[in-house]
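Heavy atoms only: backbone and side chains are in, while hydrogens, waters and symmetry mates are out.
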Amino acid sequence: MISRRKRTEALVEGDPLLAAKLARMIEEQLRVEVLSAPRQGLVMCEVRDTARCSRFYMGEALMTECRVLVSGPGAGQEAEGLGAVLGVDEGLAYNLAVIDAACALPGSLECRIQLEQYIENAWHSLCEARSAQDAQTLASRVAFYEMGGQDMSVQAVAK
């Protein structure tokens, strides 16, 4: 089972149509009730100052959030889901909330097994894309310790 963080990362950074596809699949099989319609808000951006080893708030960022309740086929099978994305994307926030709730449902539903398989594949595709990007970046990386023994320190330049 993939973690909530990895699931959200794969759906937000991966194929934008995948979240919509998975949410429609869930809506066809389970009952979805919107608790809080997608709405915009602000979230504080916390940053760590490495020089002082302290945290401070750099500012605010616009976000969209949505809350839904998904009911399974059995009695007492309910789960609440939250979808939150940076920027204004009401559709994605709703889709993430539906997927989050479906993954949190108790019991082993066939819908959730399919859902986890799609998300696992999306995560692997995202990792491969990142690896390809990293390989492309590393090809142009300069290794300063291999520059033929040149002394590039401040003292050497000042002389």
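Between Val88 and Gln40, some side-chain heavy-atom pair lies under the 4.5 Å cut-off. With a 4.5 Å cut-off on side-chain heavy atoms, Met63 and Leu42 do not count as touching.
At a threshold of 4.5 Å between side-chain heavy atoms, the hydrophobic network of Ile, Leu, Val, Met, Phe, Trp and Tyr places Leu115 and Leu82 in two separate groups. Each of Leu30 and Leu69 belongs to its own hydrophobic cluster when Ile, Leu, Val, Met, Phe, Trp and Tyr are linked at side-chain heavy-atom distances under 4.5 angstrom. Note on Val34 and Val85: same hydrophobic cluster, where clusters join Ile, Leu, Val, Met, Phe, Trp and Tyr whose side-chain heavy atoms are under 4.5 Å apart, directly or indirectly.
Residues that satisfy the salt bridge (Lys or Arg N to Asp or Glu O under 4.0 Å) test with Glu78, not counting sequence neighbours, are absent from this structure. Residues passing the side chain to side chain donor-acceptor pair (under 3.5 Å) test with Asp100, sequence neighbours excluded: Arg4, Arg7. Every residue two or more places apart in sequence or in another chain that forms a salt bridge (Lys or Arg N to Asp or Glu O under 4.0 Å) with Glu9 is listed here: Arg130. Arg55 meets the salt bridge (Lys or Arg N to Asp or Glu O under 4.0 Å) test with Glu46; sequence neighbours excluded. By the salt bridge (Lys or Arg N to Asp or Glu O under 4.0 Å) test, Glu60 pairs with no residue at all, sequence neighbours left out. Residues passing the side chain to side chain contact (heavy atoms under 4.5 Å, CB included) test with Ser3, sequence neighbours excluded: Arg5, Lys6.
Atom OH in Tyr94 sits 14.0 Å away from atom CG in Asp89 (nearest 0.5 Å). Remark: Phe56 CZ to Arg48 CZ distance equals 11.5 Å, nearest 0.5 Å. Leu86 contributes atom CG, which lies 10.5 Å from atom CG of Leu92 (distance to the nearest 0.5 angstrom). Between Glu13 atom CD and Trp123 atom CH2 the span is 8.0 Å, to the nearest 0.5 Å. The structure places CD1 of Ile26 at 10.0 Å from CD of Gln114, a figure rounded to the nearest 0.5 Å. Here the straight-line distance linking atom CG of Asn121 with atom CD1 of Ile2 works out to 10.0 Å at 0.5 Å rounding.
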Residues Gln136, Gln133; criterion side-chain contact (heavy atoms from CB on, under 4.5 Å); working and verdict: CA-CA 5 Å; Gln136 195 174 23; Gln133 180 67 35; 3.8 Å; yes
Glu65 vs Arg39, side-chain contact (heavy atoms from CB on, under 4.5 Å): CA-CA, chis, key distance, verdict: CA-CA 6 Å; Glu65 69 175 341; Arg39 62 181 179 183; 3.3 Å; yes
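Shown here for Ala61 and Cys45, the closest heavy-atom pair between the two residues is CB-SG, 3.7 Å. Nearest heavy-atom pair across Ala23 and Asn95 is CB-OD1, 3.4 Å. Between Cys66 and Ser36, the shortest heavy-atom contact is SG-O, 3.4 Å. Across all their heavy atoms, Val70 and Ala101 have their closest contact at CG2-CB, 3.4 Å.
For the pairing with Ile119, the side-chain contact (heavy atoms from CB on, under 4.5 Å) check across Leu22, Thr8, Leu18 returns one residue only, Leu22.
No more than 12 heavy atoms of other residues, nucleotides or ligands lie within 6.0 Å of OH in Tyr57, so this atom counts as exposed by the packing criterion.
Ser71 and Arg31 are linked by a side-chain donor-acceptor pair at a separation below 3.5 angstrom, with hydrogens and angles left out of the test.
Not a single donor-acceptor pair under 3.5 Å links the side chain of Thr64 to the backbone N or O of Ala93.
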